[in-house]
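One structure is given here, and the rest of the page talks about it.
Note: hydrogens, waters and symmetry copies are ignored here, and every other heavy atom, side chains too, is used.
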Amino acid sequence: PLYKYKKKDFLITRPEHEFFDILVEILGDKYHVFTQVHLPTILEHKVPNGQNWKGAFSHINGKSVDFVICDKDYIKPLLAIELDDKSHEWEDRILRDSEVERMMEESGMKLVRFENHGNFNKEEIRKTILEKLN
């Protein structure tokens, strides 16, 4: 079948955009901030232990994180960030979040979560992120 598509008006939600602006203000001189990054972009699924790499890829392919902080020299992923809204309280989302946390920890990729309650504390974000990056 020939599927039809429509361009979205925005890449990210309003709260994500507000958070993005804070990240760029805090980190923009030293780091790149990327948004809506799919896990296969930052996690290698072909690992040398004989696992089924197609199955491993399939397991992460539909998952993403809200933001990834990378160094400016090599675009090396340093920190993944999830912005949790009400949807993260749903049972299927709790299971998904738990699995993403497991994969990140196992891979050595740092992950930090922030609650989205409609307003953000810039100093708390700065402190938490800089601690994770150092």
So, do [X] and [Y] sit near enough that their side-chain heavy atoms are less than 4.5 Å apart?
X    : Y    : value
R96  : R93  : yes
F57  : K46  : no
I81  : I129 : yes
E105 : E101 : no
L23  : Y31  : no
E16  : T35  : no
M104 : V65  : yes

Closest contact, heavy atoms only, [X] versus [Y]:
X    : Y    : answer
K72  : D29  : NZ-O, 3.8 Å
V33  : I69  : CG2-CD1, 3.9 Å
C70  : P77  : SG-CA, 3.6 Å
L111 : L79  : N-CD1, 4.1 Å
L43  : M109 : CD2-CB, 4.2 Å
S64  : Q36  : OG-OE1, 4.2 Å

(message) Please tell me whether F114 and F120 form a close aromatic pair, meaning their ring centres lie under 6.0 Å apart.
(response) no
Which value, rounded to the nearest 0.5 Å, describes the distance between [X] atom [atom1] and [Y] atom [atom2]?
X    : Y    : atom1 : atom2 : result
S107 : I42  : OG    : CD1   : 7.5 Å
T41  : I60  : OG1   : CD1   : 8.5 Å
D66  : E82  : CG    : CD    : 4.5 Å
R113 : D84  : CZ    : CG    : 4.0 Å
K30  : D71  : NZ    : CG    : 12.5 Å
N121 : E115 : CG    : CD    : 13.5 Å

Transitive ILVMFWY side-chain link [X] to [Y], under 4.5 Å:
X    : Y    : value
I75  : L78  : no
I125 : I12  : yes
I94  : V100 : no
V47  : W53  : no
L130 : V68  : no

Is any side-chain N of the basic residue among [X] and [Y] closer than 4.0 Å to the acidic one's carboxylate O?
X    : Y    : result
K127 : E124 : no
K122 : E25  : yes
R102 : E99  : yes

(message) If you count heavy atoms of other groups shown closer than 6.0 angstrom to CD of Q51, is the number above 12?
(response) yes
